[in-house]
Amino acid sequence: MDVNFFGVKRMCDAFIPLIEHAGRIVNVASASGPNFVSQCSPQRQAFFRDAGIEWSALESFIKDALTLRGDSQDAGGLGLGRISAYGFSKACLNLYTLLLARENPHLCINSCTPGYIETDLTRPDAEYRGVAPAELGMKQPVHGTVPILFLLFGKPQGSGDYYGSDAKRSPLDRYRAPGDPEYKGG
């Protein structure tokens with residue numbers, strides 16, 4: 001959480017005042033965020049899609065979740081199911097992106113997943129399984145730039161959205177595979 005969520009928040013707090021009108025912010029999230037949300041209770045899924053979220057509510061929720069985390073099946077009754085710290089951090093980042101976009105309408109702020117990319121973080125899984133990274137579906141790092149470059153230089157539909165590795169809009173509460181139809185919901 002400190003790197004994946006609060007690190008992004010610290011960077012945005014520092015740089016948003018310096019970004020010119022119509023500037024862009026791209027938060028690098030992960031498909032692990034929507035996958036995490038899909039395992040939550042319906043009420044918690046609605047929370048992770050709430051475009052009207054206030055910072056105080058998000059911060060309080062994160063503190064409660066981190067305090068109650070443990071190995072419980074229900075994370076202290078928060079409706080989170082079994083907590084995956086990585087997926088949780090990325091789901092919170094997507095929600096924070098919604099908040100930032102609403103609070104900074106003069107900027108274009110979105111998040112995206114680069115996809116399942118072969119990196120020092122993912123390569124050990126292939127090594128452990130005794131297979132080549134490509135056999136697990138990992139792509140080369142250059143492929144991870146597709147949604148980032150689109151959000152920086154292309155024409156995204158709006159602000160506050162989450163994009164898949166194919167640079168197509170995706171839902172916050174479930175996985176949309178690359179090549180599947182673009183998400184059209186709100």
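Just so you know, these numbers come straight off a predicted model, no measurement behind them.
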Does some side-chain heavy atom of [Y] sit less than 4.5 Å from a side-chain heavy atom of [X]?
X	Y	result
N110	Y162	no
T97	V8	no
L136	V131	yes
D64	F61	no
F88	M1	yes
V146	D166	no
R176	P171	yes
Y183	D161	no

CG of L18: more than 12 outside heavy atoms within 6.0 angstrom?
-> yes

Verify whether one side chain among [X] and [Y] offers a donor that lies under 3.5 Å from an acceptor in the other.
X	Y	value
E182	Q157	yes
S89	N4	yes
S38	D173	no

Heavy-atom donor-acceptor pair, [X] side chain to [Y] backbone, under 3.5 Å:
X	Y	result
T122	T119	yes
R10	D2	yes
S84	G87	yes
S30	V28	no
N94	P34	no
E135	A132	yes
R49	L95	no
E118	P133	no

Parallel, tilted or perpendicular for F150 and Y163, by the 30°/60° rule?
->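 Ring orientation, 0 to 90° scale: tilted.
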
Measure the CD-CG distance between Q45 and D50 for me, rounded to the nearest 0.5 Å.
->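 Interatomic distance, Q45 CD to D50 CG, rounded to 0.5 Å: 14.0 Å.
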
What distance separates R24 CZ from S159 OG, expressed to the nearest 0.5 Å?
-> 9.5 Å

